[in-house]
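The basis for the numbers below is simple: all heavy atoms, side chains too, and nothing from hydrogens, waters or symmetry mates.
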Amino acid sequence: MATTSCFQLHRCSPIPLSLSSSCCCPCRPSPSKTLVLTRPRSKLGHLDLLFDGNRRALGLGRNRASASRRLIAVAARAGPEQLGEDNAHQEVHKGHKLSMNEDAVSEHQQKASQLKKRIFFGLGIGLSVGIVVLAGGWVFTAAVAAAVFVGAREYFELVRSHGITAGMTPPPRYVSRVCSVICALMPLVTLYRGQIDVSVTSAAFFVAMALLLQRGNPRFAQLSSTMFGLFYCGYLPCFWVKLRCGLAAPALNTSFGSAWPILLGGQAHWTVGLVATLISFSSIIAADTCAFLGGKAFGRTPLTTVSPKKTWEGTIVGLGGCIATSVVLSRIFCWPKSLLSAIAFGFLNFFGSVFGDLTESMIKRDAGVKDSGSLIPGHGGILDRVDSYIFTERKSRSLPSQIEAKLFWLA
């Protein structure tokens, strides 16, 4: 039996509109009902929805904003046939605009939270690394070995990712795990034996034999990715140990050394290796920071397709920041004494950092991932933080090696 519903506003002049259906489901026929929309001539009082069938009243509250929203909802359900297509399009446009505004606000809040997290953990990492570098010896070597092990695991996970395995055959898991352990042992061998060439060659030989004698069909891609992993994650980081712990010539002119406490090693603790490591680390941090800020402010020309976000403008600003930091710290630590040597030292650090950053970006690009891992909140994985340092220590050690040779012949 058909019933008639009435949407009524007290103290208002009703405007009846006929609705074909008030049912939410279009597939089911419904009796004709009448919707009464009103234009208030005074303040809205109680807003009731009366049903003639059973005389029940549902109170919708006194809030004018709530009543207005309900009127808009009912009007939207009435369809464009009753209200006109223009009004319906306007309501849809307002809804899309409101949704876009909410998404923009949410994205802005997410970026702000990510930046705060990045700064917080970045400061914590910088302080921890500074303490480890000052400690030197087995503390520094153990920290490098731990970072190398985690970085090697991340590298082999990238090699096994879907983006890379689509075009090659990854090495077996047992080979990647053994290589990660070998990479972690390389810094320790460097500290206590001084040389690592024989050890690396022997490890590469046994790993290659294990790959060639495996079951199935060995592939060259397995051999090449494994050998590069040993070189990239194990061999290159060992030069930081040689730079920090191997260059034991005292930095006699360093003012920090004369005031350094006896309990912490005294003046003998400040060596050329320590000063060179501190300058290298600081200049790389300055290069990354200045390149990021310069790219945000002036970046227009892409540097390379490997990393689309890097620009020539940001790279130039980063080079200036790296050289300036190297020169300032050389004046503070009184090493190197020559201004030209300090500039060359900063340039070598920057060149190595950019090359290492682009190499890791190429690996991640082929793997189809943004970060190498999720170990460090706001920063990604270990490789995302140390990629600028992997190729730097080999360049950085060239200048101190020449100075060490001169000191040896003078002695």
Rounded distance [0.5 Å steps], CD in Glu154 versus CD in Glu360: 8.5 Å

Distance in Å, Leu329 CG paired with Arg331 CZ, rounded so as to fall on 0.5 Å steps: 11.0 Å

Close side-chain approach of Pro170 and Ile164, heavy atoms under 4.5 Å: no

All N/O donor-acceptor pairs, side-chain side in residues 262-278, below 3.5 Å, sequence neighbours left out:
from: His269; atom 1: NE2; to: Leu134; atom 2: O; distance (Å): 2.5
from: Thr271; atom 1: OG1; to: Leu274; atom 2: N; distance (Å): 3.3
from: Thr277; atom 1: OG1; to: Gly273; atom 2: O; distance (Å): 2.6

Minimum-distance pair of heavy atoms, taken over all atoms of Trp138 and Leu191: CA-CD2, 4.0 Å

Non-hydrogen side-chain atoms of Cys322 and Ser283 separated by less than 4.5 Å: yes

Heavy-atom check, side chain of Arg300 versus side chain of Glu313, under 4.5 Å: yes

Heavy-atom side-chain proximity of Phe292 to Asp288 below 4.5 angstrom: no

Phe281 and Trp240 aromatic ring geometry - parallel, tilted or perpendicular at 30°/60° bounds: perpendicular

Parallel, tilted or perpendicular: ring planes of Trp335 versus Phe345, cut at 30 and 60 degrees: perpendicular

Side-chain H-bond candidate by donor/acceptor type, Asp384 with Ser372, under 3.5 Å: yes

Smallest separation among heavy atoms of Pro237 and Tyr232, with atom names: CD-O, 3.7 Å

Matching residue for Tyr389 among Leu236, Val129, Ile284 - test: side chain to side chain contact (heavy atoms under 4.5 Å, CB included): Ile284

Side-chain heavy atoms of Met168 within contact of Gln222, under 4.5 Å: no

Flag side-chain contact, heavy atom, 4.5 Å: Ser307 against Met362: no

Residue pair Leu243 / Leu247, side-chain heavy-atom distance below 4.5 Å: yes

Main-chain N/O of Ile323 paired to Ser326 side chain as donor or acceptor, under 3.5 Å: no

Inter-residue atom distance Phe355.CZ - Ser388.OG, 0.5 Å rounding: 12.5 Å

Side-chain touch Lys116/Ile119, heavy atoms, less than 4.5 angstrom: no

Euclidean distance, Phe149 CZ relative to Cys183 SG, rounded to 0.5 Å: 10.0 Å

Shortest non-hydrogen contact between Ala147 and Ile382, atoms and distance: O-CG2, 3.7 Å

Parallel, tilted or perpendicular: rings of Phe228 and Phe231 (30°, 60°): tilted

